[in-house]
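Everything numeric here is computed off the predicted structure, so don't read it as measured data. Just so it is clear: chains get the letters A, B, ... in the order the sequence lines come, proteins before strands, and each one is counted from 1.
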Amino acid sequence: MYEIIFYLTAAVTVLAAGSILIVRNPIHAALYLVIALLALALLFFLLGAPLLAALQVMIYAGAIMVLFLFLIMVMNLRPTQEQLPFLSAGWKVPAFLALILWLELLVLFFGLLPEPADETITVIEPKVVGESLFGPYLLVVEAAAILLLAALIAVLYLSRKKRL
Amino acid sequence: MNQLLWLIPGAPILSALIIVLLGGFLRYRHIAVLASCAAAAAFLTVLLAWLNGAANAQPLQQTVYTWVAVGDWRPTVGLMLDRISLVMVSVVSGVGLLIHLYSIAFMAKDNDYRRYYFFLNLFLGGMLLLVLADNLLLLYLGWELVGLCSFALIGFWYRDPVRASAGRKAFITTRIGDLSLALGIFLLFSQFNTLSLPVLFDAISEQWQPNSQLAAITAFMIFAGAVGKSAQIPLQVWLPDAMAGPSPVSALIHAATMVTAGVYLIARMHPLFELTPLVQWTVAAIGAVTILYGASSALAQNDLKRVLAYSTISQIGYMFLALGCGAYAFALFHLVTHAFFKSLLFLTAGAIIQANNHEHDIHRLGSHGGHSLLMHGCFLVGAASLAGIPVITAGFYSKEAILTTVWPASTGQLLWVIAALGTLVTSIYIFRTYFLLFQNSQKAVSISPVNRMMVWPLFILALLSITAGFVEFPAGWPGPQLWSTWLENEFGTATHPPLATVYVLQLIASLLPLLGAGIAFLLVRREKTGYRLPLSDFLRDGWKFDATYKIVLVGGYFRLAHFFKLIESLLIDAMLHKMTRGYKVFATYCRTGFEYGVLNRGLNGLLSGLRFGHAQLSTAQNGLLNRYALMICAGAVFLLGYWLW
Amino acid sequence: MIPLSHSLIIAALLFTLGLLIIMLRRELLFILMGLEVMFNGAALTAIAAGQYWTNADGQVLTIFLTVVTAAELAIALILVWLVFERLNTTRADNLKLLKDNIDRGPP
Amino acid sequence: MTITQWLFAFSILLLVLLSLFLIAAFMVYAERRVLALLQDRLGPNRAGPFGLLQPVADLLKLITKEHFIPPFADRSIYTIAPIIVPFTALLSFAVVPVDDDWWLADINIALLFVLALSSLRVYGIMLGGWASNSKYPLFGGLRSAAQMISYELPMGLALMGVVMLSGSFSLVDIVAAQSLPFIFLQPIGFFIFLICGIAETNRLPFDLPEAENELAAGYSTEYGGIQFALFFLGEYIGVLLIAALATVLFLGGWHGPWLPGVCWFAIKMLILILLFFWLRTSMPRLRYDQLMSFGWKLLLPAALINLMITAVIGLFWIKG
């Protein structure tokens with residue numbers, strides 16, 4: 001049961017991500033991405049990271065992708081006239097390269113990892129993550145905060161009507 | 001004491017942070033005092049370390065922070081204070097403190113003081129981090145930090161496009177060296193899986209055979225990094241232009257501390273270099289060539305600060321020469337004395353230039369800011385020390401030590417001759433400058449007097465330029481040799497030739513500066529009557545290195561692309577069409593389909609090859625995002641494949 | 001239950017898919033989406049590896065990844081908007097004002 | 001699990017779903033009656049005794065209407081969008097504890113789950129507005145997106161105060177921790193949550209996405225029949241959810257003397273729902289820039305300060 005859900009979700013994730021490659025309408029692409037992200041959140045949950053699953057939905061799907069959609073709506077982009085990748089001539093080389101890269105990654109992963117002895121999923125509680133965040137990684141949290149602030153200021157500056 | 005170690009780089013960095021974050025609330029005076037206090041805190045901590053016996057005990061160590069722990073790889077912010085770094089830390093923090101004090105008065109009229117002090121403090125912190133780091137990763141961080149600060153301070157008056165481009169030039173030129181250093185570090189990491197210096201040294205001496213190829217490559221990579229930072233041939237072109245920055249910056253970064261980082265790096269990595277005599281010899285050879293290059297170029301300069309810049313290049317050449325001959329202790333010794341007398345010269349020059357309303361030409365500098373005698377004295381002390389006037393100056397002792405140890409090295413006689421020639425030329429150019437500056441000092445009235453605050457650092461530095469040499473008397477002299485015995489544990493003793501030879505060499509070497517001063521006196525006299533040195537244009541432009549680089553490197557790429565394009569169009573238009581047509585006619589005439597196919601296809605293949613070359617070169621920057629992504633992907637595929645395979 | 005390698009295969013697949021999107025699509029927004037997919041492939045790797053060693057670090061890393069993505073996307077989106085405002089297009093192919101023109105010779 | 005257990009679970013789920021739909025439907029009726037009462041008129045009173053069958057009549061009317069998709073709309077998204085709104089709200093009810101041991105699921109990230117789902121809600125409205133492919137719905141969708149992003153932030157921050165006090169994300173644990181209802185410990189948090197909740201459900205005074213006199217009917221302009229009903233129902237289930245959450249998080253959930261827990265829960269919710277009705281009659285709609293600056297310049301700092309004070313007090317008082 002558990003495995004079925006996992007592999008189904010994984011298939012949904014990959015298919016949805018793959019759909020971005022072939023759709024014309026940016027809104028549809030964004031929605032496929034949202035689906036992929038939601039499925040990924042479920043994968044996180046199944047892998048035993050409930051906090052990250054919730055954060056994935058809240059931040060990625062709930063905030064970032066809404067921004068994305070918002071922008072597309074404001075620009076009122078209609079389906080692109082661009083030739084779909086599979087119709088245009090130059091899709092073979094990138095696809096081939098990507099395939100090779102994937103295979104190489106697989107070789108890399110399988111070369112590096114011994115299969116674990118016990119394969120039970122341990123759920124890592126939000127509390128543990130929080131303690132790790134505000135314990136050894138406190139400095140990085142601060143840095144992330146500064147990064148966000150910097151991004152905020154940058155966006156405010158860029159979106160002003162009259163720039164310096 | 002171990003727990004206080006973080007304070008040495010930490011105090012300047014913290015103060016830099018305060019200045020950049022809260023500086024808007026502070027006045028000039030507060031910022032300047034805060035920055036100076038931070039430098040003083042670092043210096044006092046170093047003093048404390050001395051008092052607590054850092055000089056003779058085990059190295060002090062402190063692990064401040066662990067970046068991340070992945071398996072057994074844990075890069076740390078770990079500090080280590082052994083004798084090598086103690087030397088560097090003392091010089092950097094001491095000279096840094098003096099220059100901070102000097103800057104208080106020097107920068108008082110500049111509006112961008114906040115940026116200035118931020119970068120000055122950040123630089124000090126980065127430099128201290130560099131020399132204290134106990135692993136190469138942190139060292140590299142400090143290395144980049146000082147590079148960044150150097151860039152920002154050279155282009156400090158960035159509204160002048162020349163100065164801004166000087167900053168960029170310095171950054172880009174040193175970046176070539178930095179890249180090489182990074183590659184060297186990667187190599188070391190890939191071989192030993194660690195970057196911690198003590199562990200690395202043990203591993204190097206255990207696992208690598210002397211003269212092994214890998215060791216040579218790694219040592220060469222690191223050496224190239226040092227070359228970039230220390231402005232040696234062929235990456236020296238940035239330093240003369242770096243004089244666009246404020247004078248205290250030139251004194252601190254481009255004379256006393258940052259440019260010597262390369263010397264420190266090689267001294268620090270000496271177990272690696274000792275494995276590869278070839279690279280060691282290269283270090284010495286580059287050093288020797290640079291001595292001549294810098295000294296001869298300085299001879300023809302008219303800009304006071306450029307004289308000093310070329311002089312710095314040449315003096316660091318001495319350090320490299322010493323490093324290449326295995327006399328690490330003497331390289332550091334010269335580094336110390338050079339830091340004193342060169343910053344003295346720079347600060348004096350800065351004061352004089354400021355007093356003359358930012359006039360740089362030595363022929364026209366006349367006013368000495370109301371402290372004529374003092375300026376005169378300081379510059380004379382600095383010049384004498386730089387030239388190495390025997391017995392009384394610090395420069396003599398350090399240079400003498402280097403010259404003596406060069407002799408027994410491989411091809412040492414040749415190197416010695418070059419270095420001795422360098423000594424002569426050094427003496428000529430610096431006394432030429434001195435005579436031009438001070439012989440007719442009454443010709444201009446003082447425009448703005450030199451601030452009293454700027455005088456004290458000069459005074460201290462002048463004192464040090466005289467006395468710092470007395471810790472190490474030359475071989476065979478009846479004086480103490482504290483320096484080399486103190487650093488014996490780190491480097492081992494340097495060899496020197498038999499005493500009889502030593503005395504002869506020393507006699508020659510100590511007569512050369514005096515001779516040089518005499519020649520300079522005559523030269524200045526003739527120069528006043530309009531005489532110019534032969535080749536002076538060539539020398540003034542620093543052996544035309546800039547122009548050559550521009551033609552060879554920048555032009556080369558474009559030339560190549562042009563070449564492909566030209567050949568393609570030439571072949572298509574002029575020859576190939578006709579030729580193909582001719583062959584076609586010929587082929588149809590002969591009715592031999594075989595030839596038609598072979599020739600046509602062959603030529604077409606050649607053609608498309610050329611066209612491909614042109615297209616690839618010219619589309620390397622075609623601005624197409626997808627193409628860039630494709631290239632990145634291809635690179636990733638290739639590298640990963642190579643690595644896996 | 002689920003072997004680590006399977007998660008990693010999916011992660012690698014997501015990563016390469018994202019890369020493929022970046023390489024093939026010509027609209028800036030699609031390229032950004034490809035970037036997102038790549039980020040998420042990396043995030044899945046981190047989480048799967050973190051669970052494998054029962055270590056919270058993987059999740060922490062993913063949180064930082066999310067933060068970085070958020071910052072990056074905020075700026076990227078506003079830039080896309082500015083480009084759209086200025087040039088009235090979001091096709092990446094039209095944005096090559098900075099390309100080097102070899103016919104002009106060395107700078 | 002055996003078949004019987006599955007069947008049992010499904011029937012329970014079905015029951016909960018049905019009852020939620022029913023409650024929401026009768027809320028519509030109740031609101032109309034209360035509004036009429038407050039405005040001194042009668043309201044719907046013809047269908048059945050006191051007009052109690054009015055929701056049934058409405059439902060019949062909406063179902064029997066033609067299922068119409070405008071030719072210029074994006075068909076698939078147009079169809080999916082209305083389903084998202086009630087769906088996300090209904091899902092959230094899975095983690096709301098009604099009584100001591102009455103809940104469908106107790107997951108340790110329940111609060112985050114609710115927040116995540118409420119952040120997904122915006123998709124329904126945004127996409128509905130966009131897929132209609134006409135002017136006013138698009139504006140409605142854009143407005144709601146901006147509004148929901150802006151108000152989600154203070155809402156989440158206000159809830160973190162509760163999390164700090166109870167030390168858990170699980171709603172069951174949060175209720176259990178409230179021997180003293182958190183409204184006394186977190187009054188600012190409660191108000192911020194309530195205001196944001198109203199904004200999230202697009203009710204007056206924050207109903208700019210569907211403002212009748214500016215945007216026709218906002219995102220739902222092009223919708224009709226059962227799809228319109230879904231939007232409509234979604235809004236009311238959202239109100240129900242906010243009331244339930246406020247009860248659970250701030251008012252002590254099922255805690256209360258004498259009466260059984262469910263009754264207390266229902267009473268508290270009822271009071272909150274009446275409050276929502278009352279607000280609708282008496283508050284004017286905000287202007288859009290007022291809405292934005294209210295959210296970013298007042299609610300967000302207030303929520304942050306509230307969080308900081310809670311953290312400081314919690315650190316020194318509760319621990320030390």
Side-chain angles (χ1 to χ4, degrees), chain A residues 2-3 6 10 13-14 17-18 20-21 26 29-30 33 36-37 40 43-44 46-49 51-52 55 59-60 64 67-68 71-72 75 77 80 82 85 91 94-95 98 101-102 105-106 109-110 113 115-116 119-122 124 128-129 132-133 137 140 144 147-148 151 154-155 158-159, chain C residues 1-21 23-27 29-30 32-34 36-37 40 43-44 47-48 50-52 54-60 62-64 66-75 77-82 84 90-91:
Chain A
Y2 181 90
E3 281 90 345
F6 183 89
T13 315
V14 172
I20 302 172
L21 202 55
L33 185 51
L37 292 173
L40 203 64
L43 284 189
F44 288 173
L46 292 176
L47 283 173
L51 178 68
L52 260 292
L55 285 185
I59 298 176
Y60 257 117
I64 295 179
L67 261 185
F68 230 113
L71 192 75
I72 299 175
M75 295 199 290
L77 288 181
T80 55
E82 87 173 276
W91 69 273
L101 187 65
W102 185 57
L105 283 175
L106 291 195
F109 287 150
F110 285 112
L113 293 171
E115 278 303 308
E119 290 175 346
T120 51
I121 297 283
T122 33
I124 292 178
V128 183
V129 180
S132 183
L133 262 182
Y137 292 103
V140 192
L147 175 74
L148 280 178
V155 170
L158 286 174
S159 61
Chain C
M1 305 265 274
I2 311 293
L4 171 65
S5 49
H6 290 194
S7 311
L8 289 183
I9 292 173
I10 298 161
L13 200 56
L14 277 180
F15 187 83
T16 39
L17 264 178
L19 193 60
L20 204 57
I21 294 170
M23 284 191 286
L24 289 180
R25 298 308 299 248
R26 297 285 192 263
E27 289 274 350
L29 286 167
F30 280 93
L32 285 179
M33 286 179 210
E36 289 308 289
V37 175
N40 279 294
L44 183 57
I47 288 207
Q51 295 312 114
Y52 175 75
T54 54
N55 194 336
D57 287 1
Q59 298 193 29
V60 171
T62 311
I63 289 178
F64 290 132
T66 313
V67 169
V68 171
T69 319
E72 170 255 347
L73 250 172
I75 292 176
L77 286 178
I78 196 76
L79 287 177
V80 170
W81 167 245
L82 287 179
F84 182 72
T90 57
R91 280 179 68 86

- request: Considering non-hydrogen atoms only, spot the tightest contact between A:A49 and C:Q59 and give its length.
  value: CB-NE2, 3.3 Å
message: Counting C-beta onward and ignoring hydrogens, is there a side-chain heavy-atom pair between C:T69 and A:Y60 closer than 4.5 Å?
response: yes
statement: d(C:L79 CG, A:S159 OG) to nearest 0.5 Å is 11.0 Å
task: Please report the C-alpha distance between C:L20 and A:L21 in whole Å, then the side-chain angles of each, then the deciding distance to 0.1 Å, and finally whether the side-chain contact (heavy atoms from CB on, under 4.5 Å) criterion is met.
output: CA-CA 8 Å; C:L20 204 57; A:L21 202 55; 3.8 Å; yes
statement: Rounding to 0.5 Å, atoms CG (A:L101) and CZ (C:F15) come to a distance of 6.5 Å
message: I need the minimum non-hydrogen distance between A:A17 and C:I21, along with the two atoms involved.
response: O-CD1, 3.7 Å
query: Checking heavy atoms, do the side chain of C:L14, its backbone, both or neither come under 4.5 Å from chain A?
result: side chain
- prompt: Do C:I10 and A:F6 have side-chain heavy atoms sitting under 4.5 Å apart?
  reply: yes
- prompt: Under a 4.5 Å heavy-atom cut-off, does chain C meet the side chain of A:L55, its backbone, both or neither?
  reply: side chain
field: Partners meeting side chain to side chain contact (heavy atoms under 4.5 Å, CB included) with A:V140 (sequence neighbours left out)
entry: A:Y137, B:Y65, C:F64
query: Run the side-chain contact (heavy atoms from CB on, under 4.5 Å) check on C:L32 and A:F68 step by step: do they pass?
result: CA-CA 9 Å; C:L32 285 179; A:F68 230 113; 3.6 Å; yes
- line: A:F44 and C:A43 have their tightest heavy-atom pair at CZ-CB, 4.2 Å
field: Which atoms of A:I59 approach chain C - backbone, side chain, both or neither, heavy atom under 4.5 Å
entry: side chain
query: Between A:I124 and chain C, which part of the residue has a heavy atom less than 4.5 Å away: side chain, backbone, both or neither?
result: both
- prompt: So which part of A:A154 gets closer than 4.5 Å to some heavy atom of chain C, the side chain, the backbone, both or neither?
  reply: side chain
field: Value rounded to 0.5 Å, distance of CG in A:L106 from CG in C:L8
entry: 9.0 Å
- request: Could you check which of C:T62, C:V37, C:D57 has the highest count of heavy-atom pairs closer than 4.5 Å to chain A?
  value: C:D57
- prompt: Do you know which of C:L29, C:L19, C:L17 has the most heavy-atom pairs under 4.5 Å to chain A?
  reply: C:L29
task: Determine the minimum heavy-atom distance between C:T16 and A:A98, stating which atoms define it.
output: CG2-O, 3.4 Å
- request: Examine whether an atom of A:L46 lies under 4.5 Å from a heavy atom of chain C, and if so say whether it belongs to the side chain, the backbone or both; otherwise answer neither.
  value: neither
message: Shorter than 4.5 Å, heavy atoms on both sides: which option in A:L51, A:T13, A:V14 has the most such pairs with chain C?
response: A:V14
message: With rounding to the nearest 0.5 angstrom, report the OG to CD1 distance, A:S132 to C:I63.
response: 9.0 Å
message: At a heavy-atom distance under 4.5 Å, which candidate from A:L105, A:L148, A:V129 has the highest pair count against chain C?
response: A:V129
Worked verdict on C:L44 versus A:L47 for side-chain contact (heavy atoms from CB on, under 4.5 Å): CA-CA 10 Å; C:L44 183 57; A:L47 283 173; 3.9 Å; yes
field: Derivation of the side-chain contact (heavy atoms from CB on, under 4.5 Å) call for A:W102 and C:I9
entry: CA-CA 9 Å; A:W102 185 57; C:I9 292 173; 3.6 Å; yes
- line: Applying a strict 4.5 Å limit to non-hydrogen atoms, the region of C:I78 in contact with chain A is side chain
message: Which heavy atom of C:V67 sits nearest to which heavy atom of A:A144, and what is that distance?
response: CG1-CB, 3.9 Å
- line: Hits for side chain to side chain contact (heavy atoms under 4.5 Å, CB included) against A:A30, two or more places apart or cross-chain, chain-then-number order -> A:M65, A:L69, A:I72, C:M33
Atom group of A:I20 that falls short of 4.5 Å from chain C, counting heavy atoms: both
